[in-house]
Amino acid sequence: MSRTTFLNVDDTKAGMEDLDKEKINKLIQEASKNSKFFKQQQRREEENRRRIEVKLSKIKSFSTFQIEQAEKSADRYLNQLDKTRDLSRIFCHIDMDAFYASVEMRENPALQHVPMAVGGEGMLSTSNYLARQFGVRAAMPGFIARHLCPNLVIVPCDFNKYRVDSSKVMKIISEYDENYGSCGLDEAFADLTNHLQKRSTLSEEQRTFPKEENSTEIITFGITAEETVQEIRHRIYLATRITASAGMACNMRLAKLCSDINKPNGQYQLESNVNVILNFIRNLPIRKIKGIGKVTALHLESLQIQTVNDIYLKRGILKLIEYPSTFDFLMRVCNGCGSTTIEHDDLQKSIGHETTFNGTSDSLQLISLCRDLAKKTVDELISDRILCKRVTLKIKTVNFEILTRSKTLSSYTDSLNIITDKVITLLKHELDQDLELPALRLMGVRVSDLKMKSSDLPILQFFSKKSTTTTTTINENTHDIIEDIDDDDDDDDEGEEENLNEEFLSIENQYNEDCNSKLIHIDDENSNTSTTTCPVCQKMLLGDNDKINKHIDLCLNGEMIRTTIKEQDQQTSPQTNYNKRINLTQSKVTPPAKRQKRKFNTTPQQTNGIDNYFSKHI
DNA sequence: GCGGATCAC
DNA sequence: CATGGTGATCCGC
């Protein structure tokens, strides 16, 4: 087994079981060596190894007695978890096989017989199984992939295309569980319990589908879970010509692990029996578990933990050195516990945009970019009728160091001016406060602390009530061992946006006057006159370079930067602006459906009457 | 409240 | 030629 490092190929995906990992890792190292990215990964890894050393020495200081006590405490916790174990439901995790790649191969069959990946040269999103033979996989930059596989064909992403197929898939799944939850375009969970009960009453006809798209031959599926999922996968294939894999188990964590077992184009059902479950999960390498990434794996491996069973064996030490929440998570994992309710998040918590570019230190370019990102973000905010209270600037230096700077505003807003000002202030502060700051390669703007505009609040409250009440009632009797009961009651809503708009309108006007009087008076009779747009205030500038630069300098030094919404919108996107207005005036009746998201809770949420009489902890 | 770190997809 | 974008969460301070 190859050691976990930050650069080695991630071999935890399907289709990469028997590769020459030594050789692949060597090629990756060779191609990466000397890159700034590589150096940053090395720094990160060293930092983690240092932290691990600290942990290890802490462990040495524990007495045998302490560890034994911790182990007993862990056992008590595991026993309590056992009591909450719910084996009564049957979940299904559907996972489209190499989704983006499969769509592209369907569209262009010539791609079926060549190693191929979908993504940009910068980063691959996924690869087909032929390419995986070479070690080419998702989250690998194109140039490394070509190193591993010189004949690799790289196809650009086309998310609109994938969305069409995805919604076909989701629609089928919804017929088996209207409360299903999707996770990205290519994955979904469904709770089949209710469907399976109803299924026995379905006529044979209702379980019968054409064998092929336009064929008169038919195929009838039985009433078991196994056959139900075969039916789902068959229907997905009929609708999209793309295969899916599936896993079935009594909770979502296990179901997800099962969908990986017979991938691609296969399925696996895990018996809802405690011993079967424990045997299944405990043999798995820790990296297979969702929530255990490279860093966590590195830390656990330093404790000689490779498999889930090793987590169990080291439960005493883990209890002593890990955060309580991490310990809980690990205990649930090694006990085969997982969520048995599909949770849908009520409201998105942040919105943002970021972009990578060729490294630059040019303040003007950076500010201009920052403005664009803010605009893009605010556009989204406005069209979704959301207000924010916090803005965050993210930058990444050419050395791949990431910084974030954020600021909470005095009140909720969706004003382009306020948000742009704030984020540019943050950026300028970094630019001239940190003279050592290397050139940047990425910038991002994100807004958080979101809330719907007040006119939409009744709807919002309706949704959040719905989700919180169900979880609280379910959790009530197991309160002592189930963490994370949400109870945020957000209810202060005034019509503050109106006031704010007025306030800032006046500031804008003031600024515009300044601009007009002092800066825009640039000779236009000059022969080498050129026109350009000031990257700071967005005014059209006429004149020679000298005067333009002078204007820009003044603008840059201005303590506040103001522009008007009207001008910008009319210059850059009159159409969207029009649409937004429509949206604003008519959408009192439109629920904020777009922002209603589906999401899962990884903690088990239910207890039931099933008791386990025997102790399973080997 | 803010910033860093980790993770999933 | 030289390693992504979006969103969430947790922890420490």
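Excluded from the calculations below are hydrogen atoms, water molecules and symmetry mates; all remaining heavy atoms, backbone and side chain alike, are included. The sequence lines fix the lettering, A, B, ..., with proteins before strands; numbering per chain opens at 1.
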Within the pair [X] and [N], is there a side-chain N or O less than 4.0 Å away from OP1 or OP2?
| X | N | result |
| --- | --- | --- |
| K256(A) | dC9(B) | yes |
| T356(A) | dG5(C) | yes |
| R51(A) | dT6(B) | yes |
| S125(A) | dG4(C) | no |
| R446(A) | dG5(C) | no |
| S35(A) | dT3(C) | no |
| R44(A) | dG4(B) | no |
| N48(A) | dA5(B) | no |
| Y100(A) | dC9(B) | no |
| H353(A) | dG5(C) | no |
| K290(A) | dC9(B) | yes |
| R146(A) | dA2(C) | no |
| S406(A) | dG3(B) | yes |

[X] has an atom [atom1]; how far is it from atom [atom2] of [N], in whole Å?
| X | N | atom1 | atom2 | answer |
| --- | --- | --- | --- | --- |
| E47(A) | dC11(C) | CD | P | 18 Å |
| L347(A) | dT6(C) | CG | P | 19 Å |
| F400(A) | dG4(B) | CZ | P | 18 Å |
| F189(A) | dA8(B) | CZ | C1' | 12 Å |
| F99(A) | dA8(B) | CZ | P | 21 Å |
| Q41(A) | dA2(C) | CD | C1' | 14 Å |
| D158(A) | dG5(C) | CG | P | 18 Å |
| M140(A) | dG5(C) | CE | C1' | 19 Å |

Is there a side-chain contact between [X] and [Y] (heavy atoms, below 4.5 Å)?
| X | Y | answer |
| --- | --- | --- |
| D414(A) | I386(A) | no |
| V447(A) | E380(A) | no |
| R253(A) | K290(A) | no |

Among the nucleotides [options], which one has an atom lying closest to any side-chain atom of [X]?
| X | options | value |
| --- | --- | --- |
| V295(A) | dC9(B), dT6(B), dT6(C) | dT6(B) |
| R441(A) | dG5(C), dG4(C), dC2(B) | dG4(C) |
| D186(A) | dC9(B), dG1(B), dA8(C) | dC9(B) |
| K294(A) | dA2(C), dC7(B), dG3(B) | dC7(B) |
| E354(A) | dA8(C), dT6(C), dT6(B) | dT6(C) |
| T296(A) | dA2(C), dG4(C), dT6(B) | dT6(B) |
| R390(A) | dG4(B), dC2(B), dT9(C) | dC2(B) |
| A139(A) | dG7(C), dG4(C), dC10(C) | dG4(C) |
| L442(A) | dG5(C), dC9(B), dG3(B) | dG5(C) |
| T404(A) | dG4(C), dA8(C), dG4(B) | dG4(B) |

Per the side-chain contact (heavy atoms from CB on, under 4.5 Å) rule, which among R137(A), M116(A), E104(A), R132(A) passes with T126(A)?
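Among R137(A), M116(A), E104(A), R132(A), the one meeting side-chain contact (heavy atoms from CB on, under 4.5 Å) with T126(A) is R132(A).
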
CG-CD distance between L27(A) and E30(A), expressed to the nearest 0.5 angstrom
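L27(A) atom CG to E30(A) atom CD measures 8.0 Å (nearest 0.5 Å).
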
For atom NZ of K161(A), is the number of surrounding heavy atoms from other residues, nucleotides or ligands below 6.0 Å larger than 12?
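Atom NZ in K161(A) is packed in, count exceeds 12.
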
Suppose we screen for ring pair (Phe, Tyr, Trp, His ring centres under 6.0 Å). Which residues come up paired with Y100(A), at least two apart in sequence or across chains?
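Per chain and number, Y100(A) pairs via ring pair (Phe, Tyr, Trp, His ring centres under 6.0 Å) with F159(A), Y162(A).
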
With heavy atoms under 4.0 Å as the rule, sort [X] into base, sugar-phosphate or nothing.
| X | value |
| --- | --- |
| L124(A) | nothing |
| K407(A) | sugar-phosphate |
| Y323(A) | sugar-phosphate |
| I289(A) | sugar-phosphate |
| T326(A) | nothing |

If I pick the C1' atom on dG4(C) and the same atom on dC7(B), what distance separates them, to the nearest angstrom?
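Result for the C1' pair: 15 Å, nearest Å.
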
Is there a donor and acceptor pair, one atom on the side chain of S32(A) and one on the base of dT3(C), closer than 3.5 Å?
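By the distance-only test, yes, there is a pair.
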
Residue closer to the 5' end of DNA chain C, P324(A) versus T355(A) (nearest nucleotide):
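Mapping each residue to its closest nucleotide by heavy atoms, the 5'-most match is T355(A).
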
Listed partners of L320(A) passing side-chain contact (heavy atoms from CB on, under 4.5 Å), at least two apart
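Testing L320(A) for side-chain contact (heavy atoms from CB on, under 4.5 Å), a comparison that skips the adjacent residues, returns F62(A), I67(A), A70(A).
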
